[in-house]
Amino acid sequence: MVESEKTKHTCLRLEISGADPIFVKGTWYHSRFDISVTDGSSSWICNATEEDVAERAAQWDQPVSEYLELAEQYLGFQQPDSVYGFSDALEGSKRLSWTFEKEGTKLEWRWKCKPSHDNKKITVGVLDFLMEANIRLSEEVVNKTRSFEKMKSEAERCLAQGEKLCKEKTEFEDATYAKFLSVLNAKKAKLRALRDKEDSGKAAEEEESTDKTESFDDSGRNDNEQSEEVASKKATGSKARGQKRAARS
């Protein structure tokens with residue numbers, strides 16, 4: 001893989017106990033790294049070659065990639081559980097150190113930083129990096145703010161639309177229920193009218209049937225008895241008339 005494709009940059013404002021803060025700018029490659037350190041007036045550099053990194057990684061029984069990843073982690077962001085140091089060394093050099101734990105054992109890594117021959121260049125480079133990072137961060141904040149506002153507006157629009165749909169659904173259900181009640185009441189009224197009509201028809205039939213039953217005269221005799229009486233009277237009259245004719249003869 002091309003080395004430039006793996007290049008990353010970090011810049012850390014490192015707080016050290018009992019001393020003024022320093023800025024540590026790191027450039028991380030595939031198999032090596034460069035460090036620039038400044039306190040605002042003086043500066044130091046550490047250019048770790050591939051051979052240096054490979055040797056240190058071998059001492060800690062680590063692959064080069066894992067060693068670089070761990071170093072970047074501690075020099076890119078200050079770790080709260082780590083103890084950092086930036087102590088004096090020979091010939092104006094400084095020793096940058098940090099601690100970490102591995103398998104329950106507290107370990108310390110140290111790298112020697114030599115004095116820079118151009119303090120201004122190192123300090124300006126750190127400041128430029130911080131300014132560019134701040135600009136990128138500001139742009140990211142602005143973009144995220146805009147994205148958030150857009151999402152918020154979209155959420156409010158969806159909420160309003162949901163409330164509108166809910167209201168329309170309620171109105172539709174109320175209208176449908178009212179229509180259902182109207183149709184149901186109409187059917188009930190129609191069934192009631194049909195039942196009343198049926199009851200009226202049955203009452204008329206019963207009355208007509210009652211009229212057709214045997215009727216009685218004022219003396220309490222029915223029609224059959226009256227017919228038999230009339231027939232008996234006719235027979236008696238005919239017999240009497242026959243007897244009168246015989247007597248005349």
Side-chain angles (χ1 to χ4, degrees), residues 1-140:
M1 183 177 292
V2 181
E3 188 175 87
S4 60
E5 294 179 354
K6 292 289 293 184
T7 302
K8 291 189 291 184
H9 300 279
T10 61
C11 191
L12 168 66
R13 184 180 187 272
L14 185 60
E15 300 283 349
I16 299 178
S17 178
D20 294 332
I22 59 175
F23 290 89
V24 181
K25 180 179 178 291
T27 303
W28 308 91
Y29 301 95
H30 178 64
S31 56
R32 63 184 183 88
F33 66 90
D34 296 331
I35 292 177
S36 301
V37 182
T38 181
D39 58 4
S41 59
S42 302
S43 60
W44 299 264
I45 59 174
C46 174
N47 298 322
T49 64
E50 293 185 8
E51 291 77 11
D52 294 335
V53 174
E55 182 181 353
R56 293 291 185 93
Q59 290 176 0
W60 295 97
D61 295 327
Q62 288 179 310
V64 171
S65 58
E66 183 179 331
Y67 184 92
L68 287 173
E69 182 180 355
L70 192 58
E72 180 186 346
Q73 177 183 344
Y74 278 81
L75 296 182
F77 301 93
Q78 184 161 1
Q79 304 298 319
D81 296 332
S82 178
V83 178
Y84 290 85
F86 194 60
S87 58
D88 295 331
L90 298 176
E91 300 177 354
S93 298
K94 292 282 187 176
R95 184 176 290 106
L96 179 63
S97 62
W98 63 94
T99 62
F100 65 96
E101 286 191 6
K102 183 178 181 181
E103 298 178 355
T105 303
K106 194 168 186 177
L107 306 174
E108 183 182 50
W109 281 1
R110 295 187 297 266
W111 281 90
K112 184 178 180 180
C113 299
K114 298 179 180 180
S116 171
H117 297 296
D118 193 342
N119 292 328
K120 182 178 179 181
K121 180 180 178 181
I122 297 299
T123 303
V124 170
V126 171
L127 292 176
D128 287 344
F129 180 86
L130 291 175
M131 290 181 64
E132 291 175 2
N134 185 61
I135 291 173
R136 289 194 301 269
L137 181 61
S138 298
E139 291 176 349
E140 184 177 354

Reported OG1-to-CD distance for the pair Thr27 and Glu72, which is rounded to 0.5 angstrom:
10.5 Å
Check whether any side-chain heavy atom of Gln73 lies under 4.5 Å from a side-chain heavy atom of Leu70, and answer yes or no.
yes
For side-chain hydrogen bond (donor to acceptor under 3.5 Å, both in side chains), just list the numbers for Ser43 and Asn119, CA-CA rounded to whole Å, side-chain angles, deciding distance to a tenth of an Å, and then say yes or no.
CA-CA 5 Å; Ser43 60; Asn119 292 328; 2.7 Å; yes
Rounded to the nearest 0.5 angstrom, the NZ-CD1 distance for Lys25 and Ile122 is 8.0 Å
Take Asp34 and Tyr29, measure what side chain to side chain contact (heavy atoms under 4.5 Å, CB included) needs, and give me the verdict at the end.
CA-CA 8 Å; Asp34 296 331; Tyr29 301 95; 3.6 Å; yes
Is a side-chain donor or acceptor of Tyr84 paired with a backbone partner of Tyr74 at a separation under 3.5 angstrom?
yes
Can you tell me if NZ on Lys120 sees more than 12 non-hydrogen neighbours from other groups inside 6.0 Å?
no
Does a sphere of radius 6.0 Å around CZ in Arg56 hold more than 12 heavy atoms from other residues, nucleotides or ligands, not counting ones at 6.0 Å or beyond?
yes
Where Leu96 and Cys113 come nearest, the two heavy atoms and their spacing
CB-SG, 4.2 Å
Close side-chain approach of Ser31 to Val53, heavy-atom, < 4.5 Å
no
Could you check whether any side-chain N or O of Asp39 sits under 3.5 Å from a backbone N or O of Ile22, counting only pairs where one atom can act as donor and the other as acceptor?
no
Leu12 and Gln78: CA distance, side-chain angles, deciding distance, side chain to side chain contact (heavy atoms under 4.5 Å, CB included) verdict
CA-CA 7 Å; Leu12 168 66; Gln78 184 161 1; 3.9 Å; yes
Tell me the closest heavy-atom pair linking Lys106 and Val83, and the distance in Å.
NZ-CG2, 4.0 Å
When you compare the side chain of Trp109 with that of Trp60, does any pair of heavy atoms fall below 4.5 Å?
yes
Ignoring hydrogens and angles, tell me if any N or O in the side chain of Gln79 forms a donor-acceptor pair with the backbone of Phe77 under 3.5 Å.
yes
How close do Ser97 and Arg110 get, counting heavy atoms only, and between which atoms?
CB-CG, 3.5 Å
Once rounded to the nearest 0.5 Å, what's the spacing between atom CG of Asp128 and atom OG1 of Thr123?
10.5 Å
Looking only at non-hydrogen atoms, find the nearest pair between Ser116 and Ile45 and report the distance.
CB-CG2, 4.3 Å
Are Trp44 and Phe86 an aromatic pair, judged by ring center distance below 6.0 Å?
yes
Is any side-chain heavy atom of Asp52 closer than 4.5 Å to one of Trp111?
yes
As an exercise, state the distance from OG of Ser82 to CD of Glu108, rounded to the nearest 0.5 Å.
9.0 Å
Any chance you could measure Cys46, atom SG, to Lys114, atom NZ, to the nearest 0.5 Å?
9.0 Å
Just do the side-chain hydrogen bond (donor to acceptor under 3.5 Å, both in side chains) check on Asn47 and Thr49 with the steps written out, would you?
CA-CA 6 Å; Asn47 298 322; Thr49 64; over 6 Å; no
If the plane angle is over 60° it's perpendicular, under 30° parallel, otherwise tilted; pick one for His9 and Phe129.
tilted
Are Phe33 and Trp28 an aromatic pair, judged by ring center distance below 6.0 Å?
yes
